[in-house]
Asks: 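Just dropping this structure here.
Below, each value reflects all heavy atoms present in this structure, side chains not excepted, and no hydrogens, waters or symmetry copies.
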Amino acid sequence: MLKLFNTLTGRQEIFESIEQKNVRMYVCGVTVYDYCHIGHARSALVFDVLRRYLEYSGYAVTFVKNFTDVDDKIIKRAHEQGVSYDVVTRRYIQAYHEDMGKLGIRAATEEPKATEHIPAIVQLTEQLVNKGLAYVVDGDVYFEVSKYPEYGRLSKRRLEDLQAGARVDVDERKRHPMDFALWKSSKPGEPAWESPWGLGRPGWHIECSAMSIRHLSETFDIHGGGMDLIFPHHENEIAQSCGATGKEFARYWVHNGFVQINKEKMSKSLGNFFTIREVFEKSEWSEEITGEILRYFLLSTHYHGPLDFSDQALKEAKSALNGFYDLFNRLRENNGSGGSADGLLKAAVEQRRSSFVQAMDDDLNTPAAIAALQGLRSDVNKILEKGLSLEARKNARQEFRSMGNVLGLFQLDKWQFNIELAGTATVTGSVRADHLVRLTDTEIERMIAERNEARVKKDFKRADEIRNELAVRRIIIEDKPDGTTRWKR
RNA sequence: GGCGCCGUACCCAAGUGGUAAGGGAGCAGUCUGCAAAACUGCGAUGCAGCGGUUCGAACCCGCUCGGCGCCUCCA
């Protein structure tokens, strides 16, 4: 039974979906004016895992994740680059799919864009004006915060406590400093749509209300996003949506913690961020850090807490993941010991799977879930020594695949899978030393064959030379007892 | 000024009332031409500090110290 921490109530609650077998969830995506950084990756990943776990638990999931494709920053970026705003948004939406794809983040069921929902946005805004919850000034429409008595219930703030205007100038035309724009009149040269209040474009918050209602109906199960969206974005969504429909909006609000650099929030404004593609493309990481490693690292901390990003942490994730792939390789090999320990495997799998499920049920405790998988790895290593049949070895691999799928791990047959997928990315734009130039599998295998010939002749000097050559290119080899050799990058 | 989060071994990180999971790094051993992997063993009498509640607290309460976030666009 899944429990989730619900920001709305401040407590962990048992998750119960509105419909029996279908969960409807909405997650705030990104504003597409730049490449995504690791913080965006974490958020996308947390909800990708939530979705996968709901599916693992037997639900169908209708998952909506939006793109904010019209706003001030996009317009500014378009001006800087001298292109139309939709050139900017199209470019970064594509980049989003590329980057998140490398991380194994599945596309949502629906990925709506604000600009494709203008009529729904206008309609919702009109509804709020007609109900007296919003007012029009000079072609702008504002939501009147004091008309929604429950304003602040998500972020646990009282209107009086919000020292509005302390850090920004208050617009004199607003009735209350916290009133926010539903519709903004446009200046010449800006993207604009027709509306009852003249040419303009939507404010930031209204699109999520309009699109979630459109795609998931007025009340749905889960609404997610980063912690920084709690206020004002999600608070405003609640005010608008509940104000307009008179019904509850989302039932469970789930928010992920930040990625930090040296204990400080990673953000554009602080300038202390790494984009996802930088992690893959730049510096010495490029041959070494795959999407799966980044994914493992991002899941090694509970989603609710902060997560410090560092080179060392990534390397540790790689080492840990390496251990799993070493085992998978061994499972493919027949060590000729028969199936005397097959029965032990079943017991171990059942015990570890139960721990895994228990951890995931506990508010998506991925570190504890990973610990269960590590436990199974240790168990299987020991059992394998005692002797597993071919079928049992296949089953063991399948168990890792099945639980791993919830976390998006262990799906590949070969270590370094993503290098193949990302292929072109690893060589673009970076100067690399000769010794880092990538060897093909065939070249590696030829070198290993030569080394093994040398070993047979007891020419260990030559054998070690070849191993060193490979080592310099980050290829690690392991000699097996039968005289053959396995290798990995 | 308001609201909130965090502080567990060398590093990362679970655990939220019953006597400290897991990983990485390290050390020792088995195995090995060597190496790698795997396996075995070693590692917090203590969970920022100080008080309190309790038969019992890392977990509950209070205070103190330290770090961070939100209140402005932000995943």
Asks: Please tell me which of Gly226(A) and Thr301(A) maps to the more 5' nucleotide of RNA chain B, matching each residue to the nucleotide holding its nearest heavy atom.
Replies: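 Going by which nucleotide is closer to the 5' end, it is Thr301(A).
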Asks: Mind calculating the distance between CG (Leu154(A)) and C1' (C70(B)) to the nearest angstrom?
Replies: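 About 12 Å, once rounded to whole Å.
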Asks: What class does the angle between the rings of Phe231(A) and Tyr151(A) fall in, given that below 30° is parallel, 30 to 60° is tilted and above 60° is perpendicular?
Replies: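 Perpendicular: the ring planes of Phe231(A) and Tyr151(A) meet at over 60°.
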Asks: Please name the nucleotide paired to C60(B) by Watson-Crick or G-U wobble geometry with both distances under 3.5 Å, or report none.
Replies: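 When the pairing criteria are applied, G52(B) turns out to be the nucleotide that pairs with C60(B).
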Asks: Between G49(B) and G67(B), how far is it from one C1' atom to the other, in whole Å?
Replies: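 Between the two C1' atoms, the distance is 15 Å.
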Asks: For C5(B) versus A44(B), give the span between their P atoms, rounded off to a whole number of Å.
Replies: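 Those two atoms are separated by 32 Å.
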Asks: Give a yes/no verdict on a cation-pi contact between Lys113(A) and Phe67(A), requiring under 6.0 Å between NZ or CZ and the six-membered ring centre and an angle within 45° of the axis.
Replies: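 Judged by the rule (NZ or CZ under 6.0 Å from the ring centre, within 45° of its axis), Lys113(A) is not positioned above Phe67(A).
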Asks: Would you mind telling me which of Leu8(A), Ile230(A), Ile238(A), Thr7(A) makes a side-chain contact (heavy atoms from CB on, under 4.5 Å) with Ser155(A)?
Replies: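 Exactly one candidate clears the test, Ile230(A).
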Asks: Whole Å only: how far is the CG atom of Leu321(A) from the P atom of A25(B)?
Replies: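 Going from CG in Leu321(A) over to P in A25(B) covers 13 Å.
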Asks: Is a side-chain donor-acceptor pair under 3.5 Å present for Glu111(A) with His97(A)?
Replies: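 Yes, side-chain donor-acceptor contact under 3.5 Å.
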Asks: Going by atom types only, do Tyr303(A) and Arg42(A) share a side-chain donor-acceptor pair under 3.5 Å?
Replies: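 No.
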Asks: Taking the C1' atom of each, how far is U8(B) from C12(B), in whole Å?
Replies: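 So the two C1' atoms sit 12 Å from each other.
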Asks: Please report the distance, rounded to the nearest Å, between CG in Leu159(A) and C1' in G2(B).
Replies: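 Roughly 13 Å, once rounded to whole Å.
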Asks: Using the ring of Phe328(A) (Phe, Tyr or Trp, six-membered ring only), decide whether Arg397(A) places NZ or CZ under 6.0 Å from its centre and within 45 degrees of its axis.
Replies: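 The answer is yes, since Arg397(A) meets both limits relative to Phe328(A).
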Asks: Rounding to an integer number of angstrom, what distance separates G41(B) and C50(B) when you compare their P atoms?
Replies: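 Between the two P atoms, the distance is 35 Å.
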Asks: Select base, sugar-phosphate, or nothing to describe what Phe297(A) touches, counting heavy atoms under 4.0 Å on all strands.
Replies: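 No contact.
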Asks: For the residue pair Thr485(A) and Asn452(A), confirm or rule out a side-chain donor-acceptor distance under 3.5 Å.
Replies: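 Thr485(A) vs Asn452(A): donor-acceptor pair found between side chains.
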Asks: Assign His37(A) to base, sugar-phosphate, or nothing according to its heavy-atom contacts below 4.0 angstrom with the strands shown.
Replies: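 Base, at least one base heavy atom under 4.0 Å.
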Asks: With rounding to the closest Å, how many angstrom separate the P atoms on A57(B) and G52(B)?
Replies: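 It comes out at 12 Å once rounded to the nearest Å.
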Asks: In the structure shown, which nucleotide is the Watson-Crick or G-U wobble counterpart of G41(B), with both distances under 3.5 Å?
Replies: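 Result: C27(B).
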Asks: Do Glu316(A) and G23(B) share a donor-acceptor pair, side chain to base, under 3.5 Å?
Replies: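 By the distance-only test, yes, there is a pair.
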Asks: Just one of Met25(A), Met211(A), His215(A), Arg24(A) clears the side-chain contact (heavy atoms from CB on, under 4.5 Å) bar with Val64(A), so which one?
Replies: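 Among Met25(A), Met211(A), His215(A), Arg24(A), the one that satisfies the side-chain contact (heavy atoms from CB on, under 4.5 Å) with Val64(A) is His215(A).
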Asks: Should G22(B) form a Watson-Crick or G-U wobble pair with both distances under 3.5 Å, which nucleotide is its partner?
Replies: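 Paired with C12(B).
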Asks: Could you tell me whether Asp459(A) contacts a base, only the sugar-phosphate backbone, or nothing, with contacts defined as non-hydrogen atoms closer than 4.0 Å?
Replies: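 Nothing, no heavy atom under 4.0 Å.
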Asks: For the C1' atoms, the ones on G56(B) and on U19(B), what distance do you get once it is rounded to whole angstrom?
Replies: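 Comparing C1' positions in G56(B) and U19(B) gives a spacing of 8 Å.
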Asks: Indicate for each nucleotide in nucleotides 31-41 of chain B, in 5' to 3' sequence, whether protein heavy atoms under 4.0 Å reach the base (B), only the sugar-phosphate (S), or nothing (-).
Replies: --BBBBSSSS-
Asks: Taking the C1' atom of each, how far is G24(B) from A9(B), in whole Å?
Replies: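 The answer is 13 Å between these two C1' atoms.
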Asks: Classify Gly39(A) by what it touches in the nucleic acid, base, sugar-phosphate, or nothing, heavy-atom distance under 4.0 Å.
Replies: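 The answer is base, as Gly39(A) lies within the cut-off (heavy atoms under 4.0 Å) of a base atom.
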Asks: So which nucleotide does G7(B) pair with, by the Watson-Crick or G-U wobble rule with both distances under 3.5 Å?
Replies: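 G7(B) is paired, partner C65(B).
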Asks: Indicate yes or no: does Arg330(A) engage Asp326(A) in a salt bridge with an N to O separation below 4.0 Å.
Replies: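 Salt bridge absent between Arg330(A) and Asp326(A).
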Asks: Nearest whole angstrom, please: distance from the P of G2(B) to the CZ of Phe231(A).
Replies: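 Computing the Phe231(A):CZ to G2(B):P distance gives 17 Å.
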Asks: What interatomic distance, in whole Å, is found between C1' of U30(B) and the corresponding atom of A37(B)?
Replies: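 To the nearest whole Å, 13 Å.
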Asks: As a test of reading the structure: which of A75(B), G69(B), G24(B) is closest to the side chain of Ser319(A), going by heavy atoms?
Replies: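 Within the option list, the nearest is G24(B).
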Asks: Under the salt bridge (Lys or Arg N to Asp or Glu O under 4.0 Å) rule, what do Arg451(A) and Asp479(A) come out as? Steps first, then yes or no, please.
Replies: CA-CA 11 Å; Arg451(A) 173 169 170 277; Asp479(A) 296 330; 2.8 Å; yes
Asks: Quick test: give all pairs of protein nitrogen or oxygen and nucleotides 3-10 of chain B nitrogen or oxygen below 3.5 Å, distance rounded to 0.1 Å.
Replies:
none

Asks: Does C73(B) have a Watson-Crick or wobble mate here (both distances under 3.5 Å), and if so which one?
Replies: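 When the pairing criteria are applied, nothing turns out to pair with C73(B), so the answer is none.
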Asks: Would you kindly give the CD-to-C1' distance between Gln312(A) and G23(B), to the nearest whole Å?
Replies: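 Atom-to-atom, Gln312(A) to G23(B), this comes out as 12 Å.
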Asks: Would the Phe220(A) and Phe249(A) ring centres measure less than 6.0 Å apart?
Replies: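 Between Phe220(A) and Phe249(A), the centre distance is under 6.0 Å.
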Asks: Leu373(A) CG to A21(B) P: how many Å, rounded?
Replies: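 The distance from CG of Leu373(A) to P of A21(B) comes to 19 Å, rounded to the nearest Å.
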Asks: Could you tell me how far apart Leu298(A) (CG) and G23(B) (C1') are, to the nearest whole angstrom?
Replies: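 In whole Å, G23(B) C1' and Leu298(A) CG are 16 Å from each other.
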Asks: Ignoring backbone atoms, establish whether Lys315(A) has a side-chain N or O less than 4.0 Å from OP1 or OP2 of C12(B).
Replies: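 It does not, given that no N or O in the side chain of Lys315(A) lies less than 4.0 Å from OP1 or OP2 of C12(B).
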Asks: Below 4.0 angstrom, N of the basic side chain to O of the carboxylate: do Glu98(A) and Arg277(A) qualify?
Replies: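 A salt bridge is present here (some side-chain N lies under 4.0 Å from a carboxylate O).
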Asks: How is Val27(A) classified with respect to the nucleic acid when contacts are heavy atoms under 4.0 Å: base, sugar-phosphate, or nothing?
Replies: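 No contact.
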Asks: How would you label the contact of Ala320(A) with the nucleic acid (heavy atoms, under 4.0 Å): base, sugar-phosphate, or nothing?
Replies: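 The residue Ala320(A) makes sugar-phosphate contact but no base contact.
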Asks: Mind calculating the distance between CE (Met227(A)) and P (C73(B)) to the nearest angstrom?
Replies: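 Atom CE in Met227(A) sits about 19 Å away from atom P in C73(B).
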